[in-house]
Number of protein chains: 2
Amino acid sequence: MFRFVVRYKLVFLYAASLVLILVLLNVLQYKLLLINHSYEFYMLCIAVLFAVLGGWLALKLVKPKTVLVETKRLVSELTPTDLQQLEQERQQLNLSSRELEVLQLMARGLSNQEIADQLFLSLPTIKTHSSRLFEKLEVKRRTQAVEKGRQLRLID
Amino acid sequence: MFRFVVRYKLVFLYAASLVLILVLLNVLQYKLLLINHSYEFYMLCIAVLFAVLGGWLALKLVKPKTVLVETKRLVSELTPTDLQQLEQERQQLNLSSRELEVLQLMARGLSNQEIADQLFLSLPTIKTHSSRLFEKLEVKRRTQAVEKGRQLRLID
DNA sequence: AGCAAAATCATACTTTGGTATGAATGAGTT
DNA sequence: AACTCATTCATACCAAAGTATGATTTTGCT
């Protein structure tokens, strides 16, 4: 039971905060007697607020649906030996899935903030991911990372 | 259906806990504070309804994350028509030779300072060139410029 | 159940990138 | 000769990128 609470504490936290806001609205309602009878307004506020919060929460909590998309690749020039070597290099890099994901969004020209928004993560998180990525790829800048990622066929 | 419930269990859990807490609050209010609660109940219903609705909508509307899967498939070369169109686009961009030069060094991952050193120019000069370049390519960042330059076959 | 790696977030800081504005120079054109 | 355009450089300022460090949480694996 306790573990349950700990595990889903975010859920309870959100619920609690929502309740708090609701209570606050109620208090305000009783303090500001002027608009005592404009209940519709409060309801509208609450409806919008909760709709937005609900939406945000849902996006936060639910892992995004993944759709597999086949990418067309020109592999004609590379010999099987080359491909094998590339595969080996890729494995030696030992990139995590997140790092790879970040790299691919980088290659499309997204800023760190945009990547964070896209993946529903915070900006610092993206920064740490990219820092690790640069270390592993032994590069200094994102443009170099993209270049190297392209050479290793991690992108496109 | 069952899968759906399992997959989004957090959301349902959130909604359920929200309802529970709100109802509890209502009861407490009724018992302790003796506040007229007919409107509150209405608002609670609306809040819960819209929270769930917002969550549902968000889940419905969110774009599925696309995961690129490599397929080693041979892709036909560009048709002459495509090449012609690319050439036309390139000409319409009206890039100066310096701008093109800067773009190509960018694509290799060089920093502005490094580009300046390479071309025996000053840093401000490179900055103005790159600014113009971004304008003409209608992009905001160097990574986007590289991406667009690649699409237009200005690089490689 | 417990551990190691991955992932997340934060804060503070430095560096690089990008914009705005202005200005000087030289090459080629009308 | 006047004009346009590309090129060069400068200064100042704001935004984004990247580093360092530390902490917490998930998660995959034994």
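Heavy atoms only: backbone and side chains are in, while hydrogens, waters and symmetry mates are out. Reminder, nothing fancy here: chain letters follow the sequence lines and each chain counts from 1.
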Asker: Do Glu138(B) and Lys148(B) have side-chain heavy atoms sitting under 4.5 Å apart?
Answerer: yes

Asker: With a cut-off of less than 4.0 Å, is there a side-chain N or O of His129(A) near OP1 or OP2 of dT8(C)?
Answerer: yes

Asker: Between Arg98(B) and dT7(D), does any side-chain N or O lie under 4.0 Å from OP1 or OP2?
Answerer: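 So the side-chain polar atoms of Arg98(B) never come under 4.0 Å of the phosphate oxygens OP1 or OP2 of dT7(D).
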
Asker: Got more than 12 heavy atoms from elsewhere within 6.0 Å of CZ, Arg132(B)?
Answerer: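 Count not over threshold, so no.
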
Asker: Please report the distance, rounded to the nearest Å, between NZ in Lys127(A) and C1' in dT14(C).
Answerer: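 For the pair Lys127(A) NZ and dT14(C) C1', the rounded distance is 11 Å.
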
Asker: Does a side-chain N or O of Thr128(B) approach OP1 or OP2 of dA10(D) to a distance below 4.0 Å, or not?
Answerer: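 Checking Thr128(B) against dA10(D): no side-chain N or O falls below 4.0 Å of OP1 or OP2.
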
Asker: Students often get this wrong, so: under 4.0 angstrom with heavy atoms, is Arg132(A) touching a base, only sugar-phosphate, or nothing?
Answerer: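 Contact class for Arg132(A): none.
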
Asker: Tell me the interatomic distance from Glu135(B), atom CD, to dG18(C), atom P, rounded to whole angstroms.
Answerer: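 In whole Å, dG18(C) P and Glu135(B) CD are 13 Å from each other.
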
Asker: How many Å lie between CG on Leu123(B) and C1' on dT7(D), as a whole number?
Answerer: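 Distance, rounded to whole Å: 16 Å.
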
Asker: Roughly how many Å is it from CD1 in Ile115(B) to P in dT16(C), rounded to a whole number?
Answerer: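 The answer, rounded to whole Å, is 13 Å.
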
Asker: Whole angstroms only, please: what is the CZ-C1' distance between Phe120(B) and dC9(D)?
Answerer: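 Between C1' of dC9(D) and CZ of Phe120(B): 17 Å.
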
Asker: Can you identify which nucleotide, out of dA6(D), dA10(D), dC9(C), has its nearest atom closest to the Asn94(B) side chain?
Answerer: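 Of all the options, the side chain of Asn94(B) is nearest to dA6(D).
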
Asker: Closer than 4.0 Å, any side-chain N/O of Arg141(B) to the OP1 or OP2 of dG17(C)?
Answerer: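 The answer is no; no side-chain N or O of Arg141(B) sits under 4.0 Å from OP1 or OP2.
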
Asker: I want to check one thing: is the phosphate of dG18(C), taken as OP1 and OP2, less than 4.0 Å away from some side-chain N or O of Ser131(B)?
Answerer: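 Answer no for this pair, as no side-chain N or O of Ser131(B) is under 4.0 Å from OP1 or OP2.
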
Asker: Nearest heavy-atom pair of Leu123(B) and Ala116(B): which atoms, and what distance?
Answerer: N-CB, 4.0 Å

Asker: May I have the distance from Gln113(A) (atom CD) to dC9(C) (atom C1'), rounded to whole angstrom?
Answerer: 14 Å

Asker: Within the distance-only criterion (no hydrogens, no angle test), does the side chain of Glu114(A) pair as donor or acceptor with the backbone N or O of Met106(A) below 3.5 angstrom?
Answerer: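 Not at all, since once roles are kept as given, no pair shorter than 3.5 Å links the two residues.
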
Asker: Counting C-beta onward and ignoring hydrogens, is there a side-chain heavy-atom pair between Arg98(B) and Leu119(B) closer than 4.5 Å?
Answerer: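 The answer is yes, as the side chains (C-beta and beyond) meet within the 4.5 Å cut-off.
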
Asker: Round to a whole Å and report the spacing from CG of Leu121(A) to P of dA6(C).
Answerer: 17 Å

Asker: Using a cut-off of 4.0 Å on non-hydrogen atoms, how would the nucleic acid contact of Ser96(B) be classed: base, sugar-phosphate, or nothing?
Answerer: sugar-phosphate

Asker: Contact class for Thr125(A) vs. all strands (heavy atom < 4.0 Å): base, sugar-phosphate, or nothing?
Answerer: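 Answer is base: heavy atoms of Thr125(A) come under 4.0 Å of a base.
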
Asker: Could you tell me how far apart Phe134(A) (CZ) and dT19(D) (C1') are, to the nearest whole angstrom?
Answerer: 11 Å

Asker: Would you mind telling me which residue lines up with the more 5' stretch of DNA chain D, Pro124(B) or Ser97(B), judged by nearest nucleotide?
Answerer: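 Here Ser97(B) is the residue nearer the 5' end.
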
Asker: May I ask you to verify if any side-chain N or O of Asn112(A) is less than 4.0 angstrom from the OP1 or OP2 atom of dA16(D)?
Answerer: no

Asker: Thr143(B) side chain N/O closer than 4.0 Å to the phosphate oxygens (OP1, OP2) of dA17(D)?
Answerer: no

